[in-house]
Amino acid sequence: MKDPNNTRNTAPRRGSPLWIYFVVVLLGVGVCATAFSGVTGPELDALVRSPVFWILGCFIIFGELRPIITPGSTENNGATMSTTFSFAALLYAGLPIAAGLQAVAVITCGVFRGRSPHRIAFNAAQYTLSLGAAQLVLALFGDLATPTDRWVPDGADLPAVALAGTVYFLCNDTLVGSAVALHERVSLVKALRWDLGYQVLVHLALLGLAPLMVIAMDRSAVFVPLIVLPFIAVYLNASVSVRREHQALHDGLTGLPNRKLLITRTEEALAEARTAEKREVEKRDIERRDAERRGADRPGRRWRPWAGERGAGTRGPRGPRAGLAARRRRAADPPTHRAGLFLLDLDRFKEVNDTLGHPTGDRLLQLVAHRLTHSVRPGDLVARLGGDEFAVLLPSVRDEAAAREVAARLRAALSEPVRLDGMSFDLEASVGIALFPDHAPDFELLLQRADVAMYHAKETRSGVEIYTSGKDRNSPARLSMLGDLRRALDRSELELFYQPKVSLRDGQLVGMEALLRWRHPVDGVLEPAAFLSVAEQTYLMRSITHHVVDAALTQAAAWWREDLTVQVAVNASGRDLLDTGLTETIEEGLLARGLPAAALQLEITERILMNEPAYASDTVGALAELGIPLSLDDFGTGYSSLVRLNRLPVEEIKIDSSFVGRLADSPEDAVIVRSIVDLVRTLGLRSVAEGVEDPDTARLLREMGCDAAQGWHFGRPMDAETATDWLRRHMQRAPEPAA
């Protein structure tokens with residue numbers, strides 16, 4: 001299982017610490033080869049003629065190709081089964097033979113897996129040095145083997161073999177850990193600690209089988225294959241376990257980590273940042289105290305002892321005042337250890353799916369995953385959250401400027417032209433950035449605030465935005481509600497109520513508007529104003545909209561089966577119009593239920609016209625092509641451009657209730673309503689008045705020429721069952737003019 005996040009095949013920059021380390025390791029191989037060389041032609045010829053040599057060589061190559069993968073690893077970089085066979089070769093025939101066979105296995109495996117030359121060379125050198133260190137230990141005990149003078153250990157030799165195996169493991173693990181630490185830019189202790197316990201356990205088993213392998217080889221080559229059977233069982237069990245773990249923690253299409261693994265890695269990064277920041281604060285406090293004490297010891301100044309030197313109960317620099325001062329100093333010091341979380345969303349990805357099909361879209365997502373993982377820094381993590389949404393974790397980032405540089409590099413990598421199925425097109429992405437601890441203290445809040453920033457980047461078409469509190473209306477109480485709202489979706493606490501829209505000319509039903517309600521287990525039934533403002537700036541809004549569309553289509557299908565052919569309208573936000581998957585969800589929902597496009601209507605607020613990206617979004621055009629009728633809601637509260645209004649594919653204009661409610665009492669509002677009605681009629685659209693609560697208002701609207709109305713005068717919002725009864729009664733009787 002190849003890890004898309006792995007960049008170890010990228011050659012180190014010449015002169016870098018990693019490059020220097022590689023050179024030193026390779027030079028060490030030369031020293032080791034010089035110290036332990038000396039295999040003569042007759043010795044090698046005698047060994048080549050032995051069937052044990054060939055069996056051992058095949059097992060080393062096979063063992064290198066089939067490693068025992070470490071849990072949590074996503075690449076074949078765990079302990080290899082070749083360890084047993086190469087260590088057995090060292091014990092039985094000496095270092096030159098063992099190192100030579102292992103080098104052949106490493107080169108074969110490297111070529112087969114497409115590894116870079118520098119990595120193949122380092123792996124071969126790593127094994128050679130480790131085997132050389134083990135050989136040195138055996139030499140100190142006087143146990144040196146050659147191809148012609150082979151050595152078979154007995155019981156008294158086990159301490160020497162155990163010590164040689166321990167040295168082999170420590171040398172090998174340190175060499176690899178140092179390379180990983182330099183590549184990932186982490187401390188050596190951290191690199192060694194990642195899977196040390198598991199590596200110790202596995203190498204204990206692998207190296208412990210080597211003496212048994214030697215004894216079997218010395219007896220007869222026929223016994224050697226029997227030793228392989230336990231390895232096959234271990235490998236199969238480990239492979240099944242790792243495969244299941246990989247599937248649980250990774251995206252099946254791109255191979256990238258999924259949300260679950262992203263949460264785990266983010267929490268680890270935040271914990272490390274907190275620990276490092278705590279150490280930094282303690283270090284600064286110690287330096288300040290030392291500076292204060294040095295200043296107090298200067299001539300002309302009176303020395304003030306520490307609280308511990310004064311005795312219990314005294315109030316010195318360590319007392320309450322000093323503690324308050326220290327806390328103030330810490331608050332004034334900006335954090336030096338930060339972690340960053342990016343949320344990245346592809347722009348116009350739906351065009352690829354619609355034009356070239358989903359298989360091509362899947363290949364494009366795989367290409368995007370490849371570009372992202374090769375554009376981040378070593379140690380950073382790229383994850384796929386779903387659809388065309390990706391997340392990037394920066395376990396360590398200097399400041400906002402450094403985070404912007406990484407984001408700009410990601411966008412630049414994606415902007416390279418893509419050619420698929422004979423077509424060339426450009427990709428763009430919007431990136432939102434949130435930093436720990438500047439913007440959020442935990443993963444959920446980091447993701448939510450990165451989502452706010454990403455949405456702002458989409459709206460402004462700036463490409464990259466860092467979270468700012470001024471653009472986020474969320475408070476702690478609202479964020480708590482966001483968590484409750486997320487759980488409400490899972491518990492089906494969100495449901496739709498329906499309110500009729502009635503023709504003012506003949507009383508005929510025009511449609512039913514679906515109004516979202518939340519049956520809160522504590523607060524009762526909540527209207528959208530109480531909770532939707534929390535969700536509109538987050539990734540949760542997409543889920544809510546898709547839930548509403550699905551519920552509305554399900555109810556519409558139930559009504560149509562009863563010959564209650566009524567159009568159901570649902571509200572859509574500006575964020576929904578930037579969601580390229582909305583049209584696809586609606587289209588699939590209509591097809592699945594056998595409904596025509598006219599069965600559903602989308603209502604968008606007039607304020608969206610002020611938002612150029614939403615107005616010009618591909619979703620609006622796609623909905624129009626699908627045949628979904630649009631209604632412009634809350635008309636009169638914004639500043640609509642007549643040019644945009646004429647171009648927007650709407651069939652209905654809804655006059656805001658703030659004007660309709662004062663129609664009978666305010667001449668100014670009456671003039672506004674009449675002007676809107678006349679404008680809508682001129683444009684050839686239908687006018688609908690909202691908030692009609694009495695017969696006088698309905699009469700005035702009908703006299704003005706308004707087409708339809710909606711409000712408590714005609715019917716209050718009803719749950720699905722009540723609305724169904726209302727429809728049966730209303731559609732069975734002959735229509736009559738509304739009062």
Query raised in the report: Do Lys501 and Gln601 come close enough that some side-chain heavy atom pair is under 4.5 Å?
Result: yes

Query raised in the report: Would you say the side chain of Arg517 lies within less than 4.5 Å of the side chain of Glu527, judging by non-hydrogen atoms?
Result: yes

Report task. Please tell me if the side chains of Glu587 and Thr585 come closer than 4.5 Å, counting only heavy atoms from C-beta onward. Result -> no

Query raised in the report: Are the aromatic ring centres of Trp559 and Tyr498 under 6.0 angstrom apart?
Result: yes

Query raised in the report: Pick from Gln499, Gln567, Lys654: which one makes a side-chain hydrogen bond (donor to acceptor under 3.5 Å, both in side chains) with Glu513?
Result: Lys654

Report summary line: Separation between CG (Asp633) and CD1 (Ile655), nearest 0.5 Å, reads 11.5 Å

Requested in this report: Kindly indicate whether the side chain of Phe436, heavy atoms from C-beta on, has any atom under 4.5 Å from the side chain of Arg338.
Outcome: no

Query raised in the report: Are any of the side-chain nitrogens in Arg487 or Asp490 under 4.0 Å away from the carboxylate oxygens of its partner?
Result: no

Query raised in the report: Do the side chain of His520 and the main chain of Leu526 share a donor and acceptor less than 3.5 angstrom apart?
Result: no

Query raised in the report: Do Thr554 and Arg593 pass the side-chain hydrogen bond (donor to acceptor under 3.5 Å, both in side chains) test, and can you show the C-alpha distance, the side-chain angles, and the key distance before you say yes or no?
Result: CA-CA 7 Å; Thr554 300; Arg593 296 167 178 84; 3.0 Å; yes

Query - Mutual orientation of the aromatic rings belonging to His374 and His370 [parallel < 30°, tilted 30-60°, perpendicular > 60°] - result: tilted

**Report entry** 4.5 Å side-chain heavy-atom contact, Trp560 and Leu564
**Finding:** no

Report task. Salt-bridge test for Lys458 and Asp345: reply yes if a basic N is under 4.0 Å from a carboxylate O, no otherwise. Result -> yes

Query raised in the report: Could you state the interatomic distance from CZ (Arg542) to OG1 (Thr545), rounded to the nearest 0.5 Å?
Result: 9.5 Å

Query raised in the report: Just how far is it from atom CG of Leu385 to atom CG of Leu447, taken to the nearest 0.5 Å?
Result: 6.5 Å

Requested in this report: Would you give the length of the straight line joining atom CG of Leu446 to atom CD of Gln448, rounded to the nearest 0.5 angstrom?
Outcome: 10.0 Å

Requested in this report: Assess whether side-chain contact (heavy atoms from CB on, under 4.5 Å) is satisfied between Leu344 and Leu414, documenting all intermediate values.
Outcome: CA-CA 11 Å; Leu344 183 147; Leu414 293 180; 4.1 Å; yes

Please tabulate, for side-chain N and O atoms in residues 401-413, each donor-acceptor pair with protein atoms closer than 3.5 Å (sequence neighbours left out).
| residue | atom | partner | partner atom | Å |
| --- | --- | --- | --- | --- |
| Arg409 | NE | Ser375 | O | 2.8 |
| Arg411 | NE | Ala429 | O | 2.7 |
| Arg411 | NH2 | Ala429 | O | 3.3 |

**Report entry** Check against side-chain hydrogen bond (donor to acceptor under 3.5 Å, both in side chains), Ser631 and Glu652
**Finding:** CA-CA 5 Å; Ser631 173; Glu652 177 183 278; 2.8 Å; yes

Query - Close side-chain approach of His546 and Asp550, heavy atoms under 4.5 Å - result: no

Query raised in the report: Within the distance-only criterion (no hydrogens, no angle test), does the side chain of Ser687 pair as donor or acceptor with the backbone N or O of Asp707 below 3.5 angstrom?
Result: yes

Query - No-hydrogen, no-angle side-chain donor-acceptor test under 3.5 Å, Thr722 and Asp725 - result: no

Query raised in the report: Counting N and O atoms only, with roles assigned by atom type, does the side chain of Asp251 sit under 3.5 Å from a partner on the main chain of Arg384, one being a donor and the other an acceptor?
Result: no

Query raised in the report: Are Thr724 and Glu721 close enough, and set up right, to give a side-chain hydrogen bond (donor to acceptor under 3.5 Å, both in side chains), and what steps lead you there?
Result: CA-CA 5 Å; Thr724 302; Glu721 184 178 354; over 6 Å; no

Query raised in the report: Side chains of Leu485 and Ile544: closer than 4.5 Å at any heavy-atom pair?
Result: yes

Query raised in the report: What are the two closest heavy atoms between Leu343 and Ala391, and how far apart are they?
Result: CD1-CB, 4.4 Å

Requested in this report: Mark yes or no for whether His439, through its side chain, and Leu435, through its backbone, hold a donor-acceptor pair below 3.5 Å.
Outcome: yes

**Report entry** Side-chain ion pair, Glu495 and Arg519, N-O less than 4.0 Å
**Finding:** yes

Query raised in the report: Any donor and acceptor pair, going by atom type alone, linking the side chain of Arg449 with main-chain N or O of Leu445 inside 3.5 Å?
Result: no

Query raised in the report: Ion pair present between Glu562 and Arg728, side-chain N to carboxylate O less than 4.0 angstrom?
Result: yes

Query - Arg486 and Glu444, any side-chain heavy atoms less than 4.5 Å apart - result: yes

